[in-house]
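Beneath this line is the structure, given in structure tokens, with notes to follow.
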2 protein chains.
Amino acid sequence: MKIDPDSSSDLSAQIAKAIRDAIMSGKLMVDERLPSEAELAEQFNVSRPTVREALKRLGAQSLIRTQRGATGGAFVNRLTFEDAYGQQITTSTLLLSMNDVSFAVACEARYALERACAPLAAQRRTADHLATMRAEAHRQSQPGLTDEAFCASDVAFHRAFVDAAGNPVISYQLAGAVEAMQPLMNMITFSARSREKIVALHGQITDALETHDGQACDTILAELSSYTNELAQNVINARAQARSTN
Amino acid sequence: MKIDPDSSSDLSAQIAKAIRDAIMSGKLMVDERLPSEAELAEQFNVSRPTVREALKRLGAQSLIRTQRGATGGAFVNRLTFEDAYGQQITTSTLLLSMNDVSFAVACEARYALERACAPLAAQRRTADHLATMRAEAHRQSQPGLTDEAFCASDVAFHRAFVDAAGNPVISYQLAGAVEAMQPLMNMITFSARSREKIVALHGQITDALETHDGQACDTILAELSSYTNELAQNVINARAQARSTN
DNA sequence: CAATTTTCATTTGTCAGACAATTAAATGTA
DNA sequence: TACATTTAATTGTCTGACAAATGAAAATTG
């Protein structure tokens with residue numbers, strides 16, 4: 001592992017890159033211990049704080065973990081699906097909020113990807129998935145629920161649906177798409193009437209999974225997608241009108 | 001912004017979390033300048049190296065960027081799709097390689113999600129997308145191409161296909177699924193015969209997009225999916241046999 | 001001898017202070 | 001005014017130190 005002293009400085013970034021490359025290429029294996037900070041400092045010919053900055057960068061990406069004490073040190077971390085979910089959700093959420101991604105575009109992405117799960121979910125759903133989905137749908141029908149709580153439950157429902165496809169890679173990829181929608185959904189004020197319709201569709205989706213009917217599931221998801229878009233469009237129109245009358 | 005001195009130490013992690021929360025909640029806006037390292041150190045009542053470790057963590061997630069000089073400092077970074085692609089690909093690739101995700105599972109995820117793009121891509125593909133796809137398919141038919149180069153071109157083809165859906169959120173989500181497959185695909189030795197078949201299917205996919213035929217596209221993708229799985233299965237079987245004869 | 005306690009060496013976490021490098025603004029100069 | 005110089009602010013890096021955690025070795029005790 002070497003660093004290029006010519007390169008556009010920022011030694012800690014270069015060191016982080018060198019170690020990251022070693023991990024990604026398999027030169028450093030999972031649970032393998034890195035040299036101590038003092039040793040790394042000597043190897044790279046930099047000071048300990050600089051090495052530490054590099055290690056913190058890698059820690060932020062869950063590539064390593066550190067442990068204090070005699071047998072401690074930095075270890076190559078086995079990236080868990082849970083870790084990856086978290087990063088994916090953070091990144092997706094910020095990506096949408098910082099780039100003025102329209103509700104329509106985000107919604108289209110989410111439902112296009114969710115519909116891809118329909119056939120697999122219909123085939124593989126377990127009783128657990130169905131129970132979770134029914135529980136969330138029931139929660140959503142409770143009166144007095146805040147819009148935010150309604151959205152949170154909506155996310156939980158859809159995540160259960162995605163998980164029903166029984167493919168962890170799909171669950172991981174879609175975690176971002178589903179969760180990142182929540183801030184956008186929170187713009188919407190859900191009337192009792194619209195909640196009723198959404199809960200009904202959620203019920204139908206669960207029924208379709210229960211009877212292993214992927215085709216029906218797909219159709220209902222499409223309906224839910226266009227209804228969600230309609231609600232958002234109403235909000236956008238109302239705001240545009242409010243602006244023009246001001 | 002405050003940190004909990006009681007919490008399970010690691011001050012720099014706590015500080016990073018405090019700032020990250022401020023960014024995600026919108027308390028810190030894009031391009032807003034954070035206080036200088038010295039000021040942050042005073043605010044959080046820690047030393048400057050500790051603050052710096054926290055900032056490096058945030059930098060690793062592309063949440064901030066830093067600039068030297070008189071008017072420099074740390075600024076809230078607008079997370080670009082490009083930045084997000086990079087992180088997504090890194091995370092997805094490691095996730096698959098570190099968790100013994102089978103080829104079948106990864107492949108299923110990839111094609112399920114890609115098939116979700118088919119109707120949109122068929123509708124919105126531009127001449128550019130078609131040209132890129134044909135160019136990659138042509139490259140794949142060149143004799144003397146290494147397996148690795150063949151896989152890289154395969155990835156480029158599929159990314160162009162995904163981009164043809166014209167939804168940046170979908171492109172972002174699928175970047176991980178498509179790119180992370182490459183190391184797995186690299187296990188496979190592609191015979192001239194199998195390359196020929198794959199190139200033919202790639203041509204058919206491009207044709208289907210050109211005629212705006214999403215249904216045909218979906219069908220061909222399904223065929224490509226099962227063929228890819230078949231190739232992988234052959235490799236796995238061959239290796240199992242090799243092991244048993246040793 | 002076995003079990004427990006103590007000591008110790010190693011390693012990460014944190015701090016203080018210093019200097020170098022960079023950069024834009026302020027200042028001086030023709 | 002236009003250009004060169006100085007200056008102040010800020011991040012990047014280094015040195016050296018001590019605190020805290022932790023497992024292993026050594027000492028103690030029954």
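Letters A, B, ... mirror the listed sequences (proteins, then strands); counts begin at 1.
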The complete set of salt bridge (charged side-chain N to carboxylate O under 4.0 Å, His left out) pairs with one or both residues in residues 61-71 of chain B, sequence neighbours excluded, reads B:D31-B:R65
Would you list the pairs meeting salt bridge (charged side-chain N to carboxylate O under 4.0 Å, His left out) in which at least one residue belongs to residues 96-114 of chain B, sequence neighbours left out?
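Non-adjacent pairs meeting salt bridge (charged side-chain N to carboxylate O under 4.0 Å, His left out): A:R124-B:E108, B:R110-B:E114, B:R110-B:D154.
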By nearest-nucleotide position on DNA chain D, the 5'-leaning member of B:A74 and A:Q67 is B:A74
Side chain to side chain donor-acceptor pair (under 3.5 Å) filter on A:S92, not counting sequence neighbours, yields A:Q88, B:Y172
By side chain to side chain contact (heavy atoms under 4.5 Å, CB included), which residues pair with [X], not counting sequence neighbours?
X: A:E39; answer: A:P35, A:S36
X: B:A41; answer: B:V51
X: B:P168; answer: A:V105, B:F81
X: A:Q67; answer: A:F75

What is the separation between atom [atom1] on [X] and atom [atom2] on [N], rounded to the nearest whole Å?
X: A:E42; N: C:dT11; atom1: CD; atom2: C1'; answer: 16 Å
X: A:R68; N: C:dT11; atom1: CZ; atom2: C1'; answer: 9 Å
X: A:D10; N: C:dA20; atom1: CG; atom2: C1'; answer: 15 Å
X: A:L34; N: C:dT11; atom1: CG; atom2: P; answer: 13 Å
X: A:E37; N: C:dT12; atom1: CD; atom2: C1'; answer: 5 Å
X: A:R65; N: C:dT11; atom1: CZ; atom2: P; answer: 17 Å
X: B:I64; N: D:dT10; atom1: CD1; atom2: P; answer: 15 Å

What residues 47-62 of chain B contributes to the DNA chain C interface at heavy-atom separation below 4.0 Å is B:S47, B:R48, B:T50
Side-chain donor-acceptor contact under 3.5 Å, A:Q61 with B:T90:
no
What does the list of N/O pairs under 3.5 Å between the protein and nucleotides 7-10 of chain C look like, with a distance for each?
| residue | atom | partner | partner atom | Å |
| --- | --- | --- | --- | --- |
| C:dT10 | O2 | A:A70 | N | 3.2 |

Note: B:R159-B:D163 ion pair, threshold 4.0 Å (strictly below):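 B:D163 and B:R159: not salt-bridged.
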Q | 5'-most by nearest nucleotide on DNA chain C - B:N45 or A:E39 | A |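 Closer to the 5' end of DNA chain C: A:E39.
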